[in-house]
Amino acid sequence: MAETTAHHIPKPDREPPGSYVGVRGWIMQNLLSSPLNVFMTLLGIVFLWYSVPPLLNWLIFNATISGDTRDNCIGTGGACWVFVKIRFNQFMYGFYPSEEQWRINLTFAVLFIGMLPLMFWDSKLFRGFRYKRELAVFLLFIFPFLAGFMFYGGVFGMPVVETSQWGGLFLTLIIAITGIVASLPLGVLLALGRRSNMPVIKMLCIGFIELVRAVPLITVLFMASVMIPLFLPEGVNFNKLVRALIAVALFSAAYSAETIRGGLQSIPKGQYEAAASMGLSYWKMMGLVVMPQALKAVIPGIVSGFIGLFKDTTLVLIIGLFDVLNIVRAASQDPKWFGLAVEGYAFTAILFFVFCFGMSQYSIFLEKKLHTGH
Amino acid sequence: MAVETRENPSAGRKLKLSFSDQRFRAVVYQAIVLALVLAGIGYLASNTIHNLETRGIASGFDFFSSTAGFDIMMSLVPYDPVDSYGRAFLVGLLNTMLVSVLSIILCTILGFFVGILRLSDNWLINKIARAYVEIIRNVPLLLQILFWYFVILNLLPRVRQSIDLGAGFFINNRGTYVPTPIAEPGFSLIPIAGLVAVVIAIVIARWARKRQDATGEQFPVFLTSVGLIVGLPLLASAVTGFPLTFDYPELKGFNFAGGTRMPPEFLALLIALTTYHAGFLAEIVRAGIISVSKGQKEAAKALGLRPNMMMRLVVLPQALRLIIPPQTSIYLNVTKNSSLAVAIGYPDLVSVFTGTTLNQTGQAVEVIFITMLVYLTVSLSISLFMNWYNARTQLVER
């Protein structure tokens with residue numbers, strides 16, 4: 001026996017069985033691995049068979065896009081995108097005069113280009129760009145005012161466009177961006193206040209945060225629209241949009257404060273002690289040591305807060321502002337387009353989905369990029 | 001903690017009245033902030049009082065007893081336009097509670113179901129569940145409510161072609177009709193029997209656990225409890241001669257007579273709230289279950305536990321610890337988001353009270369104050385209950 005084993009030459013490896021590799025293997029393992037799994041797959045296929053083809057037919061294959069009246073869509077059984085096509089400009093800009101719309105386009109283009117180096121700071125294209133800090137400060141603190149002048153007009157010979165004419169996706173973006181920009185600094189202050197060792201400041205911050213978080217945004221908006229006129233001295237009044245902006249900013253500040261507080265709590269005590277032993281004052285300790293680490297830790301949370309805020313901007317419909325959802329709703333009540341609300345809602349849903357899904361994918365990308373754990 | 005680390009160099013010494021003393025600075029800053037806040041509130045209050053006077057709006061809570069004068073399409077308690085604002089407030093509050101509680105129950109079931117599908121080995125099922133979660137979570141709730149409302153009003157059949165769901169349930173574009181239970185004399189015995197059954201079941205469960213701890217013998221607690229809780233009330237109703245009858249809805253002419261009508265607004269809100277929050281809950285459930293390490297499942301298998309016992313005794317208790325805190329905030333969100341009802345006209349608290357009542361009386365301060373108080377109470381009660389439940393399920397560390 002011994003001599004046979006000494007001269008044993010192994011046979012070449014056999015191919016793995018077909019049920020473990022390739023397309024067949026994948027199907028066997030992921031769809032048909034057990035009787036239950038086979039049943040589930042069948043169920044899934046039946047579900048898709050009854051849901052996807054009708055949906056695609058409605059959305060694309062039987063849909064009508066040519067023409068400019070409702071009559072073009074009769075009897076097709078598909079979506080009537082003519083409605084969305086004809087009203088598209090209104091859905092985007094509200095009642096903003098069409099000859100002035102370049103102001104909106106230009107401002108948002110500048111904002112978009114300005115944000116690229118900050119969003120993808122690590123990519124090859126922007127790694128050499130030195131002035132990111134200055135750019136961020138400009139976009140956060142100076143740009144909003146410039147944008148306000150651009151939209152409202154009245155300077156450099158641009159005619160004034162009253163805020164009652166603002167609407168559509170443009171208004172939605174204004175409310176969302178204002179909420180985001182205002183909520184961050186306010187949220188940082190509230191979070192610091194809540195963790196402060198001064199009892200009065202701590203109680204005020206806790207009271208504000210918990211009160212705002214306990215009530216729905218609608219009541220805050222209602223409050224802003226009926227109480228702010230009462231609060232102000234006679235003769236002084238803000239318009240509806242400004243009141244909504246104040247409400248949204250305060251509301252989202254309370255939520256970001258809680259997110260940021262989570263980040264502050266995740267910073268080990270040693271960091272505070274090290275900063276204190278270097279002789280840094282409170283604001284320097286927070287600004288140079290604690291906040292940079294805390295904010296980095298909660299960026300994903302902040303982004304998901306932004307997604308929530310972006311969706312919540314639709315609630316301004318209730319106090320009568322014409323954001324994109326409200327303008328779609330109003331348009332679908334036009335007798336000329338009666339009964340086409342589903343097309344309008346589908347369009348709005350796709351719009352929101354693109355924005356929100358994009359933001360959430362970006363947040364996943366950020367999480368991976370920032371994951372510089374030890 | 002900032003509190004301990006910003007060590008006060010002057011701690012233990014006498015307070016110096018100078019800005020170099022941190023404690024002195026703290027007192028001064030707080031005094032300034034407090035003074036500013038109080039001055040701000042005072043300024044706003046004086047403006048408000050002045051404005052209310054010039055507009056001739058009454059203040060105080062007298063309006064609660066004056067006649068409301070508007071009708072409400074759906075109420076759980078008898079309501080008539082000649083009733084008071086207080087009664088209207090109660091109707092709105094009950095409607096908010098009804099839709100919130102039902103949505104919370106349904107979204108828990110759907111959320112756990114989708115969350116478990118999200119973890120399925122089956123690629124197809126997994127992807128379908130993921131598509132559901134992504135679509136639902138990335139579209140605003142208000143849009144979904146409007147969508148369902150439109151669908152129910154326009155795509156459900158007219159009254160004459162109502163869908164018959166059997167057992168006296170009908171559905172059409174005017175709402176959902178359900179049989180109304182009518183209690184006859186002797187009915188009170190049935191809930192009492194149910195209560196007794198629950199108490200006996202709890203006692204049996206305690207006894208069975210003690211016996212299992214002592215002897216290792218098991219007792220079919222679940223089956224006995226179900227038998228008791230179903231059986232005793234049935235027995236009670238048989239003894240009293242089935243005192244519960246139903247008023248079935250019936251198609252008479254152009255509309256249904258009898259039964260209870262749930263308006264389409266209610267149905268739309270219920271569907272939207274349930275499906276929306278279930279999407280969020282599904283992700284939480286999924287995250288909770290994957291957080292339980294594989295070794296735990298393997299250990300459970302090695303001990304010879306069957307899959308359902310492994311899930312019930314090993315995986316879920318550990319997963320729930322992570323699931324419960326975010327689940328609380330979902331429940332809070334359901335309650336708060338039910339206020340979106342105002343967009344489609346479902347008469348909830350915000351719609352009836354903060355909307356109509358405020359418009360009619362103009363007493364913004366009182367109305368907003370009460371609305372906030374209600375939501376604050378509801379939020380605090382839910383979070384207190386969930387904190388208590390959370391404390392029970394938390395890991396007890398030595």
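Here is the naming used below: chain letters follow the sequence lines, and residue numbers restart at 1 for every chain. Computed from a predicted structure; not experimentally measured.
- By number of non-hydrogen pairs under 4.5 angstrom with chain B, the leading residue of Ala275(A), Gly308(A), Pro229(A) is Pro229(A).
- In terms of modelled atom types and a separation under 3.5 Å, the side chain of Glu265(B) and the main chain of Pro347(B) share no donor-acceptor contact.
- There is no contact between Phe353(B) and chain A, counting heavy-atom distances below 4.5 Å.
- Between Leu250(A) and Val212(A), every side-chain heavy-atom pair lies at or beyond the 4.5 Å cut-off.
- Listed in order of number, the residues of residues 36-43 of chain A that approach chain B to under 4.5 Å between heavy atoms are Asn37(A), Met40(A), Thr41(A).
- Using a 4.5 Å cut-off between heavy atoms, Arg329(A) touches chain B through its side chain atoms alone.
- The side-chain heavy atoms of Thr275(B) and Trp148(B), taken from C-beta on, include a pair separated by under 4.5 Å.
- Put simply, the side chain of Leu273(B) reaches to within 4.5 Å of the side chain of Ser338(B), judged on heavy atoms.
- Residue with the most contacts toward chain A among Ile49(B), Ile125(B), Val33(B), Leu146(B): Leu146(B) (heavy-atom pairs, distance under 4.5 Å).
- Within a 6.0 Å radius of NZ in Lys127(B), other residues, nucleotides and ligands contribute more than 12 heavy atoms.
- Ranked by heavy-atom pairs under 4.5 Å with chain B, the first of Pro199(A), Ser277(A), Ala346(A), Gly344(A) is Pro199(A).
- Contact annotation for Leu380(B): neither backbone nor side-chain heavy atoms come within less than 4.5 Å of a heavy atom of chain A.
- Note on ring orientation: taking the six-membered ring where Trp is involved, the planes of Tyr345(A) and Phe150(B) are perpendicular (angle over 60°, cut-offs 30° and 60°).
- Judged by distance alone, with hydrogens and angles left aside, the side-chain atoms of Asn95(B) form no donor-acceptor pair with the main-chain N or O of Asp348(B) at under 3.5 Å.
- Within a 6.0 Å radius of CE in Met97(B), other residues, nucleotides and ligands contribute 12 heavy atoms or fewer.
- When each of Thr313(A), Val342(A), Leu217(A) is scored by its heavy-atom pairs under 4.5 Å with chain B, the top score falls to Val342(A).
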Cut-off 3.5 Å, no hydrogens considered: what does the side-chain donor-acceptor table look like for residues 365-377 of chain B, sequence neighbours left out?
residue	atom	partner	partner atom	Å
Glu366(B)	OE2	Gly60(B)	N	2.8
Thr371(B)	OG1	Thr354(B)	OG1	3.2
Thr371(B)	OG1	Val367(B)	O	2.6
Thr377(B)	OG1	Leu373(B)	O	2.5

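- Ranked by heavy-atom pairs under 4.5 Å with chain B, the list Val220(A), Leu315(A), Ile307(A) is led by Leu315(A).
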Check the pair Leu264(A), Val290(A) against side chain to side chain contact (heavy atoms under 4.5 Å, CB included), reporting the backbone distance first and the verdict last. CA-CA 7 Å; Leu264(A) 286 176; Val290(A) 177; 3.5 Å; yes
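- Counting heavy atoms from C-beta on, the side chains of Ser351(B) and Tyr346(B) never come closer than 4.5 Å.
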Using the rule given for side chain to side chain contact (heavy atoms under 4.5 Å, CB included), can you reason through Glu258(A) versus Arg194(A), listing the C-alpha separation, both sets of side-chain angles and the distance that settles it, and then say yes or no? CA-CA 9 Å; Glu258(A) 283 301 273; Arg194(A) 190 168 182 169; 2.8 Å; yes
Candidate pair Lys311(A) and Val139(B), rule side chain to side chain contact (heavy atoms under 4.5 Å, CB included), full reasoning: CA-CA 7 Å; Lys311(A) 288 189 291 175; Val139(B) 173; over 6 Å; no
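- Ring pair Tyr276(B)/Phe280(B): centre-to-centre distance below 6.0 Å.
- Formation of a donor-acceptor pair under 3.5 Å by the Arg286(B) side chain with backbone atoms of Gly115(B) is not found in this model.
- Side-chain atoms of Ile175(A) and Val316(A), non-hydrogen and from C-beta on, do get closer than 4.5 Å to each other.
- For chain A, no part of Leu332(B) is nearby; none of its heavy atoms comes within less than 4.5 Å.
- Chosen from Leu340(B), Val350(B), Val342(B), the residue pairing most often with chain A at heavy-atom distances under 4.5 Å is Leu340(B).
- Between Phe251(A) and Tyr255(A), the ring planes are tilted. Angles from 30° to 60° get that label.
- Looking at Ile135(B), both its backbone and its side chain come within 4.5 Å of chain A, counting heavy atoms on both sides.
- Most heavy-atom pairs under 4.5 Å with chain B: of the set Phe355(A), Phe47(A), Phe352(A), this distinction falls to Phe352(A).
- The backbone N or O of Leu192(A) sits nowhere less than 3.5 Å from a side-chain atom of Ser196(A) that would complete a donor-acceptor pair.
- Identified by a heavy-atom distance below 4.5 Å to chain B, the contributing residues of residues 317-324 of chain A are Leu317(A), Ile318(A), in residue-number order.
- Heavy-atom neighbours of chain B within the stretch residues 203-211 of chain A, taken at a separation under 4.5 angstrom, comprise Leu204(A), Glu210(A), Leu211(A).
- By the 4.5 Å heavy-atom criterion applied to side chains, Val133(B) and Arg130(B) are not counted as neighbours.
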Working for side chain to side chain contact (heavy atoms under 4.5 Å, CB included), residues Lys336(B) and Val378(B): CA-CA 9 Å; Lys336(B) 288 191 276 176; Val378(B) 173; over 6 Å; no
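- The greatest number of non-hydrogen atom pairs below 4.5 Å with chain A, out of Leu44(B), Thr48(B), Asn122(B), is found for Asn122(B).
- With a 4.5 angstrom heavy-atom cutoff, Ser120(B) touches chain A only via side-chain atoms.
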